[in-house]
Chemist: 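Here you go, one structure.
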Amino acid sequence: MIQPEDELTALLTLSKIEGLGLKRGHILYSEAGSALEIFRRYKELNDILPGVTKDISSVLDDSGSLFMARKEVQFIREHGIRALTPEDNDYPERLRECEDAPLVLFSMGNVDYNVKHVVGIVGTRRATEYGRQMTDAFIKKVSESCPGTLFVSGLAYGIDIECHKACMKYGAPTVGVLAHGLDRIYPAAHRKYAKEMLQNGGLATEFQTGIFPDKFNFVQRNRIIAGLSDAVLVVESAAKGGSLITAEFAEMYSRDCFAFPGNVGEMYSEGCNHLIRDNKAALICSGEDFLASMGWAKAEDAKGAESAQLELFSVLDKLSDKERQIFLALQNAGRMGLHVNDLSHCVGISISELMGILFTMEIEGYLRPVPGGYYRLVQRG
C-alpha cells in the first residue's frame, strides 16, 4: 500500500471514505492517535473500531484517493489556505466541542476563531428592509460594545450578506462559511465581498476543491456556523428554511439561540415567531437585549488575570456552600455547561433541591438555562 507522506495528506485521504462519517472518524482518529497511524494499521481497523468494514479498509489502499489528497495539499499551499485539524492550536475551540466537527477545516483570510465572543447570524435569502435594518443595528451595537466580536454567516443572498456588509461597514471581523470548496465563490455576485472579508475575517469550509454547492452541503454548512458560535441569531425566516436548521444545530450544541420577532402573518417572520413560541429561541428586539442576555460587558472594561481572580473570590463569598459547589462545577464544565442530571450527580444534591437553587442563581444573574436541560455560567466581560 502507498503511504501518505504527512498527516494532512493522510487526513484528506480519510475524508474521502464514504460510510465512515465524522463521528466514527473522530473515534478512529482518536483511538489510533493519528491519521498516519490509521494507514499503518489499516488491516487492523476492526480492532480499533469494531464495525469498520473491509470495504473501508480497501479504500485506504486506493491510490486514486491518495492522488486527490496530494492535489488538494498542492492547492492549499499555492493559495495560502490554512488546513486546520483538531490537533492545531488555531482550530476553533468551540467547534472542537462538537462530536461531528470536521477533521479538516479549510480557512482563508485573517481570522482568529478563538476570540472571546463569536455570534452566528442567519436568515432568509429574501431579506426585507426590516431585516436589513435590524441586522445593521445589531452588528453596530454589539461590535461597539464588544470590540473584536467575530460574526459568522454563510455569504448567501439576504440576511447573510447583509451581516457581512454591516461588519465591513463597522470594522468588525466576519467569516463566511461556504457549502463548497475554496476553488469557487457562490454566489458569484458576492465575490467582491468575499475578497474584502479576507482583510478582517475570511472564508471557511470543510469541503475540498471540486465540491459544488449542492443542496445537502448547505445543511452541513449550517452546523459549522452554529458550532463556531457562542450564540446564533435568526433575523428573518419563513416557516421552513435553512435558518431554522441552524437553530436546531444551536440547540444540539447547547448554544444560545435568539430571534427577532415580526408581524404575525408576515411570511419572513413566521420562522422567527415560531422559534420564540416554541421556546427554541429567546426574543430580542435589539443588540442591547442580546448583550444583557449574554452578560457580555464592554471589552475596554476587561481586567487582568489577577483582577479577574479577585472578582471570582468576591462572587464565591456571596454564595452559600451549595451555590458555591454549583458555581465551581459549572465553571469547570466551561462553555458547554452541564446537564441538570450530571450537575446533580456532580455536586451531590437531589434534583428537586437543585432546581430551586438553580432558579435562585438564575434570578441573581449567575447562570442561565440553555436548551436540552443544560445550565452554564453567565459570561462576564
Side-chain angles (χ1 to χ4, degrees), residues 1-26 28-29 32 34-36 38-39 42 55-88 90-92 95-96 98-109 111 113 152 154-156 175-188 190-191 194-195 197-198 201-228:
M1 184 184 76
I2 303 174
Q3 290 282 343
E5 53 273 21
D6 54 44
E7 183 70 5
L8 177 58
T9 305
L11 269 174
L12 293 174
T13 306
L14 284 176
S15 67
K16 297 288 187 182
I17 301 176
E18 295 184 8
L20 181 61
L22 282 170
K23 294 180 182 179
R24 300 180 76 215
H26 275 285
L28 191 61
Y29 180 66
S34 72
L36 284 171
I38 292 173
F39 274 86
Y42 82 108
D55 289 339
I56 292 178
S57 295
S58 67
V59 173
L60 291 175
D61 202 13
D62 179 8
S63 59
S65 296
L66 183 56
F67 174 76
M68 294 301 294
R70 286 171 173 162
K71 283 189 64 177
E72 194 71 23
V73 171
Q74 182 179 356
F75 180 86
I76 288 169
R77 291 171 178 166
E78 289 176 352
H79 293 84
I81 296 170
R82 288 189 296 166
L84 303 173
T85 73
E87 300 303 313
D88 294 330
D90 291 339
Y91 191 90
L95 194 58
R96 200 196 307 268
C98 307
E99 61 180 357
D100 58 353
L103 287 171
V104 182
L105 183 72
F106 303 101
S107 178
M108 286 187 74
V111 56
Y113 294 99
V152 182
L155 202 72
V175 169
V177 184
L178 309 179
H180 50 78
L182 285 170
D183 55 337
R184 69 191 76 239
I185 294 295
Y186 176 83
H190 293 167
R191 184 180 298 276
K195 185 176 181 180
M197 287 163 59
L198 297 178
L203 305 172
T205 184
E206 66 179 318
F207 297 105
Q208 297 184 31
T209 56
I211 301 298
F212 292 90
D214 296 326
K215 185 175 181 180
F216 181 73
N217 293 353
F218 287 95
V219 176
Q220 292 185 252
R221 182 275 305 272
N222 292 346
R223 90 180 196 287
I224 294 182
I225 292 175
L228 287 172

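Quick note: residue numbers are just sequence positions, from 1.
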Chemist: Where do V175 and Y113 land on the side-chain contact (heavy atoms from CB on, under 4.5 Å) test, with the steps shown first?
Modeler: CA-CA 9 Å; V175 169; Y113 294 99; 4.2 Å; yes
Chemist: Tell me, do I38 and L28 make a side-chain contact under 4.5 Å, heavy atoms counted?
Modeler: yes
Chemist: Does E7 use its side chain to pair, donor to acceptor, with the backbone of A35 at less than 3.5 Å?
Modeler: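 Here the side-chain-to-backbone pair exists.
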Chemist: I'd like to know if the side chain of R223 and the backbone of C98 have a donor-acceptor N/O pair within less than 3.5 Å.
Modeler: no
Chemist: Do F106 and L84 have side-chain heavy atoms sitting under 4.5 Å apart?
Modeler: no
Chemist: Give a yes or no on whether the backbone of H180 and the side-chain of N217 come within a donor-acceptor separation of less than 3.5 Å.
Modeler: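 Checking the backbone N and O of H180 against the side chain of N217, no donor-acceptor pair under 3.5 Å is found.
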Chemist: Given 3.5 Å as the limit, does a donor-acceptor pair link the side chain of T13 with the main chain of T9, or not?
Modeler: yes
Chemist: Would you find a donor on one side and an acceptor on the other, under 3.5 Å apart, between the side chain of E72 and the backbone of T209?
Modeler: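 Yes; at least one donor-acceptor contact below 3.5 Å.
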Chemist: Evaluate the criterion side-chain contact (heavy atoms from CB on, under 4.5 Å) for residue pair F75 and I81; output intermediate values, then yes/no.
Modeler: CA-CA 8 Å; F75 180 86; I81 296 170; 3.5 Å; yes
Chemist: Taking only Lys NZ, Arg NE, NH1 and NH2, and the carboxylate oxygens of Asp or Glu, determine whether R221 and E206 approach each other closer than 4.0 Å.
Modeler: no
Chemist: How about L203 and I185: do any of their side-chain heavy atoms sit closer than 4.5 Å?
Modeler: yes
Chemist: Do R82 and V111 come close enough that some side-chain heavy atom pair is under 4.5 Å?
Modeler: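 Yes - at least one pair of side-chain heavy atoms lies under 4.5 Å apart.
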Chemist: If you round to the nearest 0.5 Å, how far is NE2 of H79 from CG of L182?
Modeler: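 Taking CG in L182 and NE2 in H79, the distance rounds to 9.5 Å.
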Chemist: Salt bridge between R77 and D6, side-chain N to carboxylate O under 4.0 Å?
Modeler: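 Yes, R77 and D6 are salt-bridged.
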Chemist: Passes side-chain contact (heavy atoms from CB on, under 4.5 Å), T205 versus V177? Steps please.
Modeler: CA-CA 6 Å; T205 184; V177 184; 5.8 Å; no
Chemist: As an exercise, state the distance from CG of L12 to CG of L103, rounded to the nearest 0.5 Å.
Modeler: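 Going from the CG atom of L12 to the CG atom of L103 covers 10.0 Å.
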